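For reference, the structure discussed in these notes is given below.
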Amino acid sequence: MTKLIPIFINGSKWIQLSQLSKDQERKLKSWLPVNCLKKVLYNGIELKDCIDFETYEYWFQSNQVTYQRQGALDI
């Protein structure tokens, strides 16, 4: 699984969900609390599907560990 590089906006790191693969986007959305997506203004454009990078990074690392454990069970 490829990890996204955050977008720096007003001193904060963000991830835009639409930059993920459809499978990753679906899995992350199902894991997130309902009101977690944020609207972020970037150069006059409103990005509607953003989460802070720390949340994404936690999900990504947790998902990687789960994936690795499943792979180990297949051996």
Side-chain angles (χ1 to χ4, degrees):
M1 182 182 333
T2 303
K3 185 176 180 181
L4 293 180
I5 297 171
I7 304 166
F8 288 91
I9 303 172
N10 297 328
S12 297
K13 298 178 192 177
W14 298 94
I15 293 294
Q16 191 175 16
L17 268 57
S18 59
Q19 298 299 311
L20 295 167
S21 70
K22 292 299 178 190
D23 185 51
Q24 287 179 333
E25 183 179 2
R26 181 184 49 77
K27 287 177 182 177
L28 181 52
K29 278 185 175 180
S30 70
W31 178 82
L32 287 171
V34 176
N35 295 325
C36 196
L37 293 180
K38 304 290 183 197
K39 294 179 184 178
V40 179
L41 193 59
Y42 181 67
N43 290 335
I45 300 169
E46 186 178 69
L47 307 175
K48 296 181 181 181
D49 59 342
C50 295
I51 60 169
D52 61 85
F53 182 71
E54 291 79 18
T55 301
Y56 167 74
E57 191 167 42
Y58 178 84
W59 171 82
F60 185 87
Q61 290 174 355
S62 299
N63 204 28
Q64 284 291 94
V65 168
T66 301
Y67 179 75
Q68 289 172 353
R69 285 186 183 158
Q70 288 175 347
L73 294 175
D74 293 340
I75 295 175

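Predicted, not measured: the structure shown is a model, and the values here were computed from it.
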| query | Applying the 4.5 Å side-chain criterion to the ILVMFWY set and letting contacts propagate, would Val40 and Ile45 be lumped into a single cluster? | reply | yes
| query | If you count the non-hydrogen atoms of other residues, nucleotides and ligands that lie under 6.0 Å from CG in Leu41, is the total more than 12? | reply | yes
| Which distance, rounded to the nearest 0.5 Å, do you find between the CZ of Arg26 and the OG of Ser21? | 9.0 Å
| query | Quick one: do Trp31 and Leu4 end up in the same hydrophobic cluster if we chain Ile, Leu, Val, Met, Phe, Trp and Tyr together by side-chain heavy atoms under 4.5 Å apart? | reply | yes
| Can you tell me how far the CD1 atom of Ile9 sits from the CG atom of Asp52, to the nearest 0.5 Å? | 12.0 Å
| pair Ile7-Ile15: side-chain heavy atoms closer than 4.5 Å | no
| query | For atom CG of Asp23, is the number of surrounding heavy atoms from other residues, nucleotides or ligands below 6.0 Å larger than 12? | reply | yes
| request: Determine the minimum heavy-atom distance between Tyr56 and Leu28, stating which atoms define it. | output: CD1-CD2, 4.1 Å
| message | Please determine whether residues Tyr58 and Leu32 belong to a single hydrophobic cluster, defined as Ile, Leu, Val, Met, Phe, Trp and Tyr linked transitively by side-chain heavy-atom distances below 4.5 Å. | response | yes
| note | Checking Lys38, Lys29, Gln16, Lys39 against Asp49 for side chain to side chain donor-acceptor pair (under 3.5 Å), the one that qualifies is Gln16
| message | Regarding Glu57 and Lys3, does a basic nitrogen lie under 4.0 Å from an acidic carboxylate oxygen? | response | yes
| note | Rounded to the nearest 0.5 Å, the CZ atom of Phe53 sits from the CZ atom of Phe8 at a distance of 8.0 Å
| query | Do the side chains of Trp59 and Ile51 get nearer than 4.5 Å, heavy atoms only? | reply | no
| message | So, using side-chain contact (heavy atoms from CB on, under 4.5 Å) as the criterion, who are the partners of Ser12 when residues are at least two apart? | response | Trp14
| request: Consider only side-chain heavy atoms of I, L, V, M, F, W and Y, link residues closer than 4.5 Å, and tell whether Leu47 and Leu37 are in one cluster. | output: no
